[in-house]
A.B. asks: 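Below are the C-alpha cells for one structure; questions will follow.
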There are 2 protein chains.
Amino acid sequence: MRLTIDLTEEKPLYQQIRDQIVEGIAVGLLAEGTPLPPTRRLAADFGINFHTVNKAYELLRREGLVRLHRKRGAVVHVSAPDAAAWADWEARLRILLAEARARGATAEEIQERCRRILNVLMRPAAGEA
Amino acid sequence: MRLTIDLTEEKPLYQQIRDQIVEGIAVGLLAEGTPLPPTRRLAADFGINFHTVNKAYELLRREGLVRLHRKRGAVVHVSAPDAAAWADWEARLRILLAEARARGATAEEIQERCRRILNVLMRPAAGEA
DNA sequence: CTATTGATCTAGTATAGCTATATCAAATTG
DNA sequence: CAATTTGATATAGCTATACTAGATCAATAG
C-alpha cells in the first residue's frame with residue numbers, strides 16, 4: 001500500500017501516517033496480520049525522523065489497530081472498540097455532523113454523504129496493496 | 001444557552017468554545033441573529049483570558065457562522081458552505097468513518113449511529129436558550 | 001460625547017511536533 | 001550462541017501553537 005505525507009499540511013505528520021493506515025485497514029488493503037514497514041525504513045522513505053513514524057505506530061497500538069513486536073515489527077491486529085472508544089468516536093462524529101447542520105445542510109443530505117463515503121470504504125480493494 | 005469549558009481536556013479551550021457554539025446553532029438554540037456574549041464577559045465567566053474567546057469567535061467568523069461588529073458584538077449569521085468547505089468536511093468525515101470500519105463496525109451499524117446523532121441534533125430545542 | 005466591544009500589538013510561559021543522536025532490549029535468523 | 005533487525009527509551013534542541021497578560025486602537029450604539 002502506498003503511503004505519502006505532505007509537509008505543507010497543517011495536520012501533524014504522525015497523524016497523516018496514522019490516518020492513512022486506518023483508511024488502509026478500513027478498505028481492506030491492510031488485512032489482519034499484514035506487516036507495516038519498519039519505522040526507520042518508512043521514515044527514510046518519507047525523509048523524516050523515525051521518531052515521528054514511531055509516534056504514529058504507538059498511536060495505532062493504543063487504538064487497538066496494530067501490535068508491535070521487536071524484530072517482527074508492526075503488524076495489523078484489529079480489536080473491537082470498547083464503550084469508551086465508541087463514546088469518544090460518537091462525540092467527534094456529533095461535532096462533525098453539527099457543523100454541517102449548523103451551516104444549513106439537511107439531515108437527509110448529510111446522511112447521503114455518509115452513505116456515499118461508506119460505499120467507497122466498502123469497495124473491495126483487492127490487488128492494490 | 002449554557003457554555004462550559006474543561007481545563008483538563010486535551011482539546012484547546014478556543015476549540016471547546018467553538019464546538020459548543022456550532023452545536024448550539026445546529027440544534028437551533030442559537031438562531032440567526034442571536035447575539036453571543038461579549039468576549040470579555042465570556043472570558044471572565046470562564047476565568048480565562050479574553051484573547052482565547054476572541055480566537056474562538058474569529059474562527060467562527062472564518063467558518064461563516066457569525067458576524068463580528070464593534071459595539072454590537074458577535075451575532076450568529078449562517079452562510080452555506082462552498083465546495084472547498086464541503087470537501088474539507090468530507091475528508092474529515094471519511095477518516096472518522098474509516099476508523100469505525102477499521103475496527104470492525106458494519107456500514108449499517110455506522111449509518112445507524114449517524115442517524116441517531118442527527119435525530120438528536122434535529123430535535124427542536126425551543127425554550128432552552 | 002461616552003461607554004462598550006472587537007481588533008491589534010507586544011511579550012512571556014508552557015506544551016506539542018519534529019529532528020538528531022545514542023543506547024537498550026527483545027526476538028528472529030543463521 | 002552470535003549477529004542483526006526492530007521497537008523502546010532517553011536527552012536535547014528547535015519551532016510553532018496555546019494561553020495568559022496588559023495596553024492601545026477604532027468603530028459604533030446610545
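Lettering follows sequence order; numbering is per chain, from 1.
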A.B. asks: Can you tell me how far P of D:dA8 sits from CZ of A:R61, to the nearest Å?
C.D. replies: 7 Å
A.B. asks: Going by salt bridge (Lys or Arg N to Asp or Glu O under 4.0 Å), name the residues that satisfy it together with B:K11, two or more places apart in sequence or in a different chain.
C.D. replies: B:D19
A.B. asks: So, OP1 or OP2 of D:dT6: does either fall under 4.0 Å of a side-chain N or O from A:T39?
C.D. replies: no
A.B. asks: Linking Ile, Leu, Val, Met, Phe, Trp and Tyr through side-chain heavy atoms less than 4.5 Å apart, which residues share a cluster with A:L59?
C.D. replies: A:Y14
A.B. asks: My understanding is that only residues two or more places apart in sequence, or in another chain, count here; which of them pass salt bridge (Lys or Arg N to Asp or Glu O under 4.0 Å) with A:R94?
C.D. replies: B:E23
A.B. asks: Restricting to side chain to side chain donor-acceptor pair (under 3.5 Å), what partner residues turn up for A:E112, sequence neighbours left out?
C.D. replies: A:R115
A.B. asks: Using five base pairs at each end to define the local axes, how bent is the helix from C:dC1-D:dG30 to C:dG30-D:dC1, to the nearest 10°?
C.D. replies: 40°
A.B. asks: Check which hydrophobic residues are tied to A:V75 through side-chain heavy-atom contacts below 4.5 Å, counting indirect links as well, and list them.
C.D. replies: none
A.B. asks: Which nucleotide sits closest to the side chain of A:K55: D:dA8, C:dG17, C:dG6?
C.D. replies: C:dG17
A.B. asks: Let me have a per-nucleotide readout for nucleotides 21-30 of chain C, 5' to 3', with B, S or -, counting only protein heavy atoms under 4.0 Å.
C.D. replies: BB--BBBB--
A.B. asks: Could you state the CG-P distance from A:L36 to D:dG7, rounded to the nearest angstrom?
C.D. replies: 9 Å
A.B. asks: The criterion is salt bridge (Lys or Arg N to Asp or Glu O under 4.0 Å); which residues satisfy it with B:R92, sequence neighbours excluded?
C.D. replies: A:E99, B:D88
A.B. asks: Counting just side-chain N and O atoms, does B:T52 come under 4.0 Å of either OP1 or OP2 of D:dT20?
C.D. replies: yes
A.B. asks: By the ring-ring contact (aromatic ring centres under 6.0 Å, His included) test, which pairs, at least two apart or in different chains, include something from residues 67-98 of chain A?
C.D. replies: A:W86-A:W89
A.B. asks: What side-chain hydrogen bond (donor to acceptor under 3.5 Å, both in side chains) pairs are there with at least one residue in residues 47-60 of chain B, not counting sequence neighbours?
C.D. replies: B:N49-B:H51, B:E58-B:R61
A.B. asks: What is the distance, rounded to the nearest whole Å, between atom CZ of A:R67 and atom P of D:dA8?
C.D. replies: 14 Å
A.B. asks: Starting from C1' on C:dG6, measure out to CZ on B:R41 and report it in whole angstrom.
C.D. replies: 15 Å
A.B. asks: Take atom CZ of A:R67 as the centre, draw a 6.0 Å sphere, and report whether it contains more than 12 heavy atoms from other residues, nucleotides or ligands.
C.D. replies: no
A.B. asks: Do side-chain atoms of A:E32 reach the backbone of A:V78 as a donor and acceptor pair under 3.5 angstrom?
C.D. replies: yes
A.B. asks: Check the distance between C:dT19's C1' and A:I48's CD1 and give it to me in whole angstrom.
C.D. replies: 10 Å
A.B. asks: Suppose we screen for salt bridge (Lys or Arg N to Asp or Glu O under 4.0 Å). Which residues come up paired with A:R72, at least two apart in sequence or across chains?
C.D. replies: none
A.B. asks: Under 4.0 Å, heavy atom to any atom of DNA chain D: which of residues 3-24 of chain B qualify?
C.D. replies: B:P12, B:L13, B:Y14
